[in-house]
Amino acid sequence: MKNRRLGDSRLARWLLPVLALGAALLTMPAGAAPEGARWKAALEPLYGLPVQDFGFIRSGWTFGENHLRTITGSATLEGLDPLQATLWLMADPHARHAAPLIKTERPQLAEALGGKRVSLSQYRAPQAREKLMALYERDPAQWLKPINAVENRALMLEELEQSFAIVPRPGEWLSPLALRAGDATLSANDLRIGEQWQALKRAIAGDDPEAGGRAAAGLAEAVEAEAQARGIELPPLALDVFYHRHAPFAKSAAFCLLAALAFGATLLTGRWPRQLGWLGVGLLGLALGEQLLGIGLRWVLSGRAPLSNMYESFTFAVAGMVLFAILFEVVQRNRLIGLGGAALGFIFMVLAHRLPVVFDPQIRPLMPALQSSWLTYHVVTIMLSYSAFALSCFLGVTYLGKAALGGDGSQFLLARRLPGLATLDLLNYKVIAVGFPLLTIGIITGAVWAATAWGRPWGFDPKETWSAITWLVYAIYLHVRYLGGWRGRRAAWLSLVGFAAVLFTYFGVNYLLSGLHSYV
């Protein structure tokens, strides 16, 4: 026994600094890719260059990332960061047409076009067009949307320079291509923008960072001067660049992973020092901090509560789940719920960034139907309830898993290390007891919002109907537990049914059923 404790102690002393080092490394800014290192300093003035894009004034970095990710499915290209890659493509028409950049999502499309990523030349070839038309004619309902998606990526690549709107105007900004010599309406700054843009393209095409640096500095100065001359207020673009470079949501996922390792080690051994468990709580706190930083930055950059689409509401729900996990850890001193919040936080944030078709991270203007303060009240309470129900699902699965392995008297080490079945059952109840009132408030605020937006508080829209079904499942859980004495397996299974209803309400309704909530 003494040797075993000594081994645990040595392992603990080894793991503590490793986790701490991992946490420290996560806070360090990522270095530039080697291929773009020579151009990084030269293009520095353009990372925060104001560009009008999708109704917003964005930074040059964000413009590049949004377009590159849409076209290729990636935010980098051959070691170049988003801005470097998009400037290169604008400066080199041959590369723009010949490089395999356009993402094809389905195997049949890849086969028809000649690869998972195809060039503009391949896509515009007559043979490729004939194969796409054959797919469409075979099943228009199935192929219209994916073919249109590829077409939109091709158009975005073709019109990349035309969409680079850096010439300030009170309404719609202009691309440098729209500036024509001899136009009497052009200001001195407009002419300088056009000249510096052409100089920058020549420097990039000739791989001359020194000349490119001079042109980039001149271009940034001319754009800012023109914006001031026309009385155009620019947003805090330095924050925009920081948001994308710092990647707070990615760092949150990494902190969650480290926290899960710390909690898991504490739970499995049962003899490790308490400091390791508190390290897990601290790492989970860092994850929450990064999550809140990302939400706050998006709020400032968009000028609204970042809750209007799947990506924003999902990241908010993850933040709520991590917060609940920390609170339950502090109050209950049970490392399992911390493990659940950390593990689910890591998994959910990876999904949010690996499924761009479902979770679009771009900041877009708020559609008119969502321009209401009730949006914040409704979505905040609904998503916080989903946060609690996700933890409840984890506890329900854990309960059923331990019960299947023999319960409290199991011969399996893992099952014995888990809290007792009665403790798991009680924890599940407490988490649901937190989530249910939040869901109730969310449905009520949603009804008030619907009354102001659509003139009726309830219309049996699919999202409304499934929200009511979800509420009913958890209401039944609380009712049968309190009055019917339901405990154990039946209660655990019912909590899983409730979370299945949550998932269908949040995801399934959006993609399988059409309604007034289809935009979220």
Side-chain angles (χ1 to χ4, degrees), residues 256 259-260 263-264 266-267 277 280-281 284-285 287-288 291 313-314 316-349 380-403 418-443 467 469-506:
C256 281
F263 283 127
T266 304
L267 187 68
V281 175
L284 209 52
L288 177 62
Q291 205 77 9
S313 62
F314 192 71
F316 181 85
V318 172
M321 183 186 66
V322 172
L323 173 62
F324 286 147
I326 293 173
L327 293 176
F328 272 93
E329 272 297 320
V330 172
V331 174
Q332 299 292 325
R333 303 290 180 89
N334 188 314
R335 299 312 182 203
L336 178 67
I337 203 162
L339 173 62
L344 291 178
F346 171 72
I347 293 170
F348 288 165
M349 290 314 300
V380 163
T381 49
I382 286 289
M383 298 317 297
L384 285 177
S385 73
Y386 289 178
S387 303
F389 296 147
L391 289 176
S392 166
C393 176
F394 175 81
L395 292 170
V397 169
T398 304
Y399 181 98
L400 294 172
K402 177 164 183 170
L418 293 172
L421 292 178
T423 301
L424 291 172
D425 182 66
L426 182 60
L427 275 176
N428 199 359
Y429 162 73
K430 289 180 177 180
V431 173
I432 290 176
V434 170
F436 182 74
L438 290 169
L439 179 61
T440 304
I441 296 171
I443 291 175
S467 294
I469 292 172
T470 302
W471 183 91
L472 183 61
V473 173
Y474 285 110
I476 291 173
Y477 174 94
L478 295 174
H479 178 79
V480 297
R481 181 184 178 88
Y482 183 71
L483 296 179
W486 276 33
R487 300 287 191 277
R489 283 188 176 89
R490 291 186 296 181
W493 277 113
L494 192 54
S495 70
L496 298 189
V497 171
F499 192 65
V502 166
L503 292 177
F504 190 82
T505 303
Y506 186 60

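For the numbers below, each heavy atom of this structure counts, side chains included, while hydrogens, waters and symmetry mates do not.
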Roughly how far, to the nearest 0.5 Å, is [atom2] of [Y] from [atom1] of [X]?
X: Ile441; Y: Leu384; atom1: CD1; atom2: CG; answer: 10.0 Å
X: Leu439; Y: Met383; atom1: CG; atom2: CE; answer: 11.0 Å
X: Leu323; Y: Phe316; atom1: CG; atom2: CZ; answer: 9.0 Å
X: Tyr386; Y: Leu391; atom1: OH; atom2: CG; answer: 15.5 Å

Note, [X] side chain near [Y] side chain (heavy atom, < 4.5 Å):
X: Arg489; Y: Tyr399; result: yes
X: Phe263; Y: Ile337; result: no
X: Thr381; Y: Thr440; result: no

Before you tell me yes or no, could you show the steps for Tyr506 and Ser313 under side-chain contact (heavy atoms from CB on, under 4.5 Å), namely the whole-Å CA-CA distance, both residues' side-chain angles and the distance that decides it to 0.1 Å? CA-CA 10 Å; Tyr506 186 60; Ser313 62; 2.6 Å; yes
Considering all heavy atoms of both residues, which atom of [X] and which atom of [Y] are nearest to each other, and what is their separation?
X: Ala260; Y: Ala343; answer: CB-N, 4.1 Å
X: Phe394; Y: Leu344; answer: CB-CD1, 3.9 Å
X: Gly341; Y: Ala325; answer: CA-CB, 3.9 Å
X: Ile326; Y: Leu288; answer: CD1-CD2, 4.0 Å
X: Thr470; Y: Thr505; answer: OG1-OG1, 3.1 Å
X: Ser385; Y: Leu438; answer: CB-CB, 3.8 Å

Assess whether side-chain contact (heavy atoms from CB on, under 4.5 Å) is satisfied between Val281 and Arg335, documenting all intermediate values. CA-CA 9 Å; Val281 175; Arg335 299 312 182 203; 3.9 Å; yes
Name each donor-acceptor pair under 3.5 Å that joins a side chain in residues 418-437 to protein atoms two or more places apart or in another chain, with its distance.
unit_1	atom_1	unit_2	atom_2	d
Asp425	OD1	Arg481	NH1	3.4
Asp425	OD1	Gly488	N	3.2
Asp425	OD2	Arg481	NH1	2.8
Asp425	OD2	Arg481	NH2	3.1
Asn428	OD1	Ser392	OG	2.6
Asn428	ND2	Ser495	OG	3.3

side-chain contact (heavy atoms from CB on, under 4.5 Å) assessment of Leu478 paired with Tyr474: CA-CA 6 Å; Leu478 295 174; Tyr474 285 110; 5.7 Å; no
Should we count CZ of Arg487 as having more than 12 external heavy atoms under 6.0 Å?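 For Arg487, atom CZ is crowded (more than 12 foreign heavy atoms under 6.0 Å).
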What side-chain donor-acceptor pairs closer than 3.5 Å can you find for residues 496-504, not counting sequence neighbours?
none

